[in-house]
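I have placed the structure first, in the form of structure tokens, so that the comments after it can refer back to it.
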Amino acid sequence: MNRLAGVTSPYLLQHADNPVDWWPWGPEAFDEARRRDVPVLLSVGYASCHWCHVMARESFADEATAAELNAGFVSVKVDREERPDVDAVYMEAVQAATGQGGWPMTVFLTPDAEPFYFGTYFPPRPRAGMPSFRQVLQGVAAAWADRRGEVAEVAARVAADLAGRTLSGAVGGPGGGPPGDAEVHAALLELTKEFDAVRGGFGGAPKFPPAMVLEFLLRHHARTGSAAALEMTRATCEAMARGGIYDQLGGGFARYSVDAEWIVPHFEKMLYDNALLARVYAHLWRATGSEQARRVALETADFLVRELRTEEGGFASALDADSDRPDGGGHAEGAYYVWTPDELREVLGAEDAALAAAYYGVPEAPEAATFEEGASVLRLPDTGAPVDAGRIASVRERLAAARAERPRPLRDDKVVTAWNGLAIAALAEIGAYFDRPDLVDAAEAAADLLVRVHMTDGAGGPGTVGRLVRTSRGGAAGDSAGVLEDYADVAEGFLTLTAVTGEGTWLRLAGLLLDTVLDRFRGEGGAMFDTADDAERLIRRPQDPTDNPTPSGWTASAAALLSYAAYTGSERHREAAEQALGIVAKLGPRAPRFVGWGLAAAEAALDGPREVAVVGGPDDPRRAELHRTALLAPAPGAVIAAGPPSGTDDVPLLADRPLVGGAAAAYVCRRFVCAAPVTGPEELRAQLTPAEPPQP
């Protein structure tokens with residue numbers, strides 16, 4: 001009996017027809033393992049994971065392999081995006097034991113959920129020194145039967161080691177607090193050492209989009225005038241925008257590049273990558289006026305709305321890397337995106353196909369193709385040749401229309417709370433920057449869904465804010481509790497909506513979420529845990545201050561707490577933010593690539609952050625002009641409130657801010673200590689331009 005048919009996770013539903021007798025994560029599975037006296041196979045993945053699909057086809061759909069699993073194990077399948085806490089705990093064990101990690105994650109546990117054997121993908125037959133999956137099953141079964149004491153000893157030792165890892169004492173105390181100029185400068189120097197000056201980005205292959213680091217660099221440039229910080233950002237963004245990692249026809253970014261030159265992507269498209277990167281490109285445009293940055297920000301925002309928006313108004317998690325080949329030749333990674341010269345000619349005719357091949361870097365010779373079987377990923381090599389913009393626009397439109405007729409990648413349509421918070425922030429800002437009210441509307445619709453469906457009273461009742469669920473699907477809330485990143489990223493989205501729309505309701509909602517962070521997720525010395533103090537108890541309470549594909553919940557909370565304090569004057573929230581950033585002061589100079597979001601928050605703290613109150617009548621064009629000037633100002637992490645001169649109870653920053661000579665006015669403050677109000681955009685821009693001298 002496969003118990004996955006009734007779940008909501010698209011990943012688990014992909015396995016509902018397997019001959020494996022899968023169980024979802026829960027006490028019932030471990031009770032069954034205890035009753036049968038067998039180990040537990042824990043298999044963790046996600047719906048758009050290419051190698052998860054491969055292992056499913058090779059092993060979990062195989063009758064003989066399934067028979068071995070069913071006879072000797074209780075098999076538990078987990079969607080890492082629904083249960084990031086389970087994933088984090090056991091991934092830490094996998095990495096400690098093997099030195100690497102990844103998905104699918106394959107871990108064998110005792111009935112007490114203690115891990116004793118670890119791996120990721122296992123092939124159906126031995127290869128390259130790797131045992132087959134069935135060999136692993138046989139080895140684990142033999143150890144369980146014949147060397148139970150040894151297995152128990154290993155499991156207990158691993159569980160004790162994991163349980164003992166805590167960072168509660170790593171922050172706070174004498175000398176704690178956020179990074180200062182010295183630590184931030186050391187972080188910048190370390191990044192320059194790891195920067196790829198030829199190809200952009202940091203490190204070698206595989207190369208991931210460093211969205212959080214780029215946010216830090218942009219903020220550091222804004223505060224200090226650092227030319228190096230801006231150049232690393234500009235070069236990286238240009239290289240990614242020209243590469244195959246960016247979808248040159250439909251907009252949006254793939255998960256990562258398998259090479260160091262951004263040419264061949266791992267084709268899955270994740271909501272979080274695109275939300276974070278769209279915002280980076282919008283901020284790069286704000287700093288430089290780059291037309292390329294403007295184009296990529298808008299195209300990526302349009303991709304989010306066009307391809308990932310759900311009927312309920314939220315945003316789906318991902319598009320799969322794999323799809324059916326256009327010629328009917330089976331399922332393959334990248335099949336939707338790559339092109340052969342013959343396919344270009346079929347759509348465009350010989351003359352325009354030659355133009356497209358040169359413009360998009362599609363070589364004629366099969367052996368020179370950038371992908372497989374003579375196909376290439378579209379990119380924009382910098383040839384220096386003149387471009388006929390009209391013809392290129394026509395070529396792009398026809399190729400996009402032809403591609404739309406191909407079999408499409410599957411969409412993981414669950415709505416993840418944290419990632420929707422990131423999308424709300426990106427769409428709200430991009431809509432405001434580029435006069436696209438439709439994007440602001442999309443952000444508000446997603447926020448409304450989170451309020452209606454994802455917020456609960458802690459006992460499962462929707463609509464009462466205070467607690468969050470992790471996911472929803474089809475408008476129905478999932479049963480997994482929200483984790484720290486959910487609270488932090490949704491608060492970030494709501495605070496951004498406060499700045500863009502002037503609606504104080506979003507600030508109030510953000511405050512309720514952040515109060516839950518302080519009450520339920522905060523530990524000794526200001527440290528943060530990834531799960532609430534009343535969440536399901538695992539063998540370790542997960543806790544990670546470092547960024548992964550998304551900002552860490554720890555530093556995202558610090559950033560949101562800092563902004564909320566700037567809106568409200570709350571010292572409680574300010575002190576909590578500064579304590580949480582203590583870990584960044586320690587990690588930033590040594591490992592800046594892994595605390596980019598924390599360093600970005602530190603830049604806001606070093607700059608104030610600045611608090612901008614814009615007052616005037618709701619239809620006063622002078623208020624609108626001042627509001628837009630504030631939104632486009634580069635001051636790191638500035639918070640912005642716009643409203644009537646009488647103020648509003650929802651936004652303390654607006655209290656007691658009168659008009660000036662009957663005209664709309666802007667007040668620029670730090671810690672609620674304000675400069676003289678101004679009535680003109682140039683004066684406001686001058687007050688919001690950091691006064692630090694330029695740095696190299």
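Everything quoted here is computed from the prediction, not taken from an experiment. Here, residue 1 is the first one in the sequence, and each next residue gets the next number.
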Would you kindly say whether [X] and [Y] are connected by a side-chain donor-acceptor distance under 3.5 Å?
X      : Y      : result
Tyr487 : Arg467 : yes
Tyr246 : Glu299 : yes
His53  : Asp320 : yes
Lys414 : Thr471 : no
Trp103 : Asp87  : yes
Thr498 : Glu503 : no
Glu492 : Trp597 : no

Next item on the list: Evaluate whether atom CD of Glu571 has more than 12 neighbouring non-hydrogen atoms of other residues, nucleotides or ligands under 6.0 angstrom away.
Entry: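 Correct, the count exceeds 12.
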Item checked: CG (Asp479) with more than 12 external heavy atoms under 6.0 Å ->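 Counting neighbours around CG of Asp479, 12 or fewer heavy atoms of other residues, nucleotides or ligands fall under 6.0 Å, so no.
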Donor-acceptor check, side chain of [X] to backbone of [Y], threshold 3.5 angstrom: yes or no?
X      : Y      : answer
Arg286 : Leu631 : yes
Thr516 : Leu512 : yes
Asp544 : Thr546 : yes
Ser472 : Gly475 : no
Asn420 : Val416 : yes
Thr233 : Ala229 : yes
Tyr567 : Glu611 : no

Find out whether [X] and [Y] are in side-chain contact, i.e. whether some heavy atom of one side chain is under 4.5 Å from a heavy atom of the other.
X      : Y      : value
Trp419 : Glu81  : yes
Ser552 : Asp547 : yes
Met232 : Phe202 : yes
Lys269 : Arg255 : no
Cys237 : Val280 : yes
Arg508 : Thr505 : yes
Leu450 : Val490 : yes

Next item on the list: Kindly write out the residues that satisfy salt bridge (charged side-chain N to carboxylate O under 4.0 Å, His left out) with Asp519, not counting sequence neighbours, or none if the list is empty.
Entry: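 Result, salt bridge (charged side-chain N to carboxylate O under 4.0 Å, His left out) vs Asp519: Arg572.
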Note to self: So, using salt bridge (charged side-chain N to carboxylate O under 4.0 Å, His left out) as the criterion, who are the partners of Glu575 when residues are at least two apart?
What the structure shows: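 Salt bridge (charged side-chain N to carboxylate O under 4.0 Å, His left out) list for Glu575, sorted by chain: empty.
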Carboxylate-amine/guanidinium contact [X] [Y], below 4.0 Å:
X      : Y      : answer
Arg473 : Glu82  : no
Asp607 : Arg223 : no
Arg590 : Glu190 : no

Check: In a check of side chain to side chain donor-acceptor pair (under 3.5 Å) between Asp79 and each of Ser480, Ser317, Ser9, which one passes?
Finding: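 For Asp79, the side chain to side chain donor-acceptor pair (under 3.5 Å) check succeeds only for Ser9.
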Next item on the list: Over 60° means perpendicular and under 30° means parallel, so classify the ring planes of His220 and Phe216, tilted if in between.
Entry: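 Tilted, since the angle between the ring planes falls between 30° and 60°.
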Next item on the list: Look at the aromatic rings of Trp506 and Phe494 and report parallel, tilted or perpendicular, splitting at 30° and 60°.
Entry: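 Because their plane-to-plane angle lies in the 30° to 60° range, the rings of Trp506 and Phe494 count as tilted.
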Check: Do Arg470 and Asp486 pass the salt bridge (Lys or Arg N to Asp or Glu O under 4.0 Å) test, and can you show the C-alpha distance, the side-chain angles, and the key distance before you say yes or no?
Finding: CA-CA 7 Å; Arg470 173 68 176 173; Asp486 295 309; 2.8 Å; yes
Next item on the list: Go through Arg411 and Asp413 one step at a time and tell me if the salt bridge (Lys or Arg N to Asp or Glu O under 4.0 Å) criterion holds.
Entry: CA-CA 6 Å; Arg411 187 174 82 163; Asp413 58 357; 5.3 Å; no
Checklist line | Quiz item: cation-pi between Arg80 and Tyr46, 6.0 Å / 45° | finding: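 Cation-pi check for Arg80 and Tyr46: passes.
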Item checked: Lys NZ or Arg CZ of Lys207 over Tyr256 ring: under 6.0 Å, within 45° ->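 No; the conditions do not both hold, so Lys207 does not lie above the ring face of Tyr256.
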Check: Residues in ring-ring contact (aromatic ring centres under 6.0 Å, His included) with His50, at least two apart?
Finding: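 Expected list: none.
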Check: Are Trp554 and Gln543 close enough, and set up right, to give a side-chain contact (heavy atoms from CB on, under 4.5 Å), and what steps lead you there?
Finding: CA-CA 8 Å; Trp554 185 322; Gln543 180 186 47; 3.8 Å; yes
Check: What's the verdict on ring-ring contact (aromatic ring centres under 6.0 Å, His included) for Phe208 and Phe253, showing C-alpha distance, side-chain angles and the deciding distance?
Finding: CA-CA 11 Å; Phe208 290 82; Phe253 290 85; over 10 Å; no
